[in-house]
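We count residues from 1, following the sequence as given. Note that these values count all heavy atoms, side chains included, but never hydrogens, waters or copies made by symmetry.
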Amino acid sequence: MDAIYADFSVSMSEFKKNPAQVLRTAGEKPVAVLNHNRTAFYMVTPKLFEALIEELADRDLVELARQRLAKKAEAIEVDLEQL
């Protein structure tokens with residue numbers, strides 16, 4: 001059994017009939033669109049999609065910071081007064 005990461009789900013055929021209505025009904029929440037009772041894709045609002053992308057970018061930056069902190073011994077001291 002596959003997990004469904006949405007509060008709302010709809011069949012592919014129901015989605016095809018009126019995708020705008022499905023979006024209105026869900027509001028700001030994601031919708032799992034099912035094909036033969038398996039998730040085919042998720043429909044999300046632009047606001048939620050942007051939040052997901054920002055979260056992923058933040059995680060990448062955290063990982064980069066951790067990698068750089070691990071190499072602290074290789075750091076070069078910079079005199080900010082001379083810049």
Side-chain angles (χ1 to χ4, degrees):
M1 175 177 270
D2 296 336
I4 297 177
Y5 301 101
D7 293 337
F8 297 100
S9 63
V10 64
S11 69
M12 183 72 77
S13 56
E14 190 177 337
F15 175 78
K16 286 179 185 180
K17 288 177 188 174
N18 195 345
Q21 180 60 41
V22 173
L23 186 59
R24 278 192 299 276
T25 301
E28 292 293 317
K29 302 214 179 221
V31 177
V33 179
L34 308 177
N35 189 20
H36 300 289
N37 293 323
R38 300 191 94 175
T39 304
F41 64 91
Y42 291 94
M43 180 178 69
V44 297
T45 62
K47 181 179 176 181
L48 179 55
F49 185 77
E50 290 166 9
L52 289 169
I53 295 301
E54 286 179 20
E55 177 66 24
L56 291 173
D58 288 349
R59 288 179 184 214
D60 288 344
L61 288 175
V62 168
E63 181 57 31
L64 180 60
R66 285 188 178 135
Q67 290 173 4
R68 290 182 179 174
L69 285 171
K71 296 180 180 182
K72 193 173 182 178
E74 300 172 23
I76 300 170
E77 188 172 328
V78 176
D79 185 359
L80 295 176
E81 291 179 14
Q82 293 186 2
L83 292 178

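- Screening residues 47-70 for ring pair (Phe, Tyr, Trp, His ring centres under 6.0 Å) gives no qualifying pairs among residues at least two apart or on separate chains.
- Hydrophobic cluster of Phe41: the remaining members, joined at side-chain heavy-atom separations below 4.5 Å, are Phe8, Val10, Met12, Phe15, Val22, Leu23, Val31, Val33, Met43, listed by chain and number.
- Applying the side chain to side chain donor-acceptor pair (under 3.5 Å) test to Gln21 and every residue at least two apart in sequence or in another chain returns Arg24, Thr25.
- Residues satisfying the side chain to side chain contact (heavy atoms under 4.5 Å, CB included) criterion with Lys17, sequence neighbours excluded, are absent altogether.
- Partners of Arg66 under the salt bridge (charged side-chain N to carboxylate O under 4.0 Å, His left out) rule, at least two apart in sequence or in another chain, do not exist in this structure.
- Tyr42 places a side-chain N or O within donor-acceptor distance of the main-chain N or O of Tyr5, the cut-off being under 3.5 Å.
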Just distance, no hydrogens or angles: give the donor-acceptor pairs under 3.5 Å from side chains in residues 50-62, sequence neighbours left out.
unit_1, atom_1, unit_2, atom_2, d
Glu55, OE2, Arg59, NE, 3.1

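- With a 4.5 Å cut-off between side-chain heavy atoms of Ile, Leu, Val, Met, Phe, Trp and Tyr, the cluster of Leu64 takes in none.
- For the residue pair Ala6 and Ala32, the shortest heavy atom distance occurs at CB-N, 3.7 Å.
- Side-chain contacts under 4.5 Å among hydrophobic residues (ILVMFWY), followed directly or transitively, place Ile76 with no other residue at all.
- Contacts of Lys29 classified as salt bridge (charged side-chain N to carboxylate O under 4.0 Å, His left out), with partners at least two apart in sequence or in another chain: Asp7.
- The two residues Pro30 and Leu48 come nearest to each other via the heavy atoms CD-CD2, 3.9 Å.
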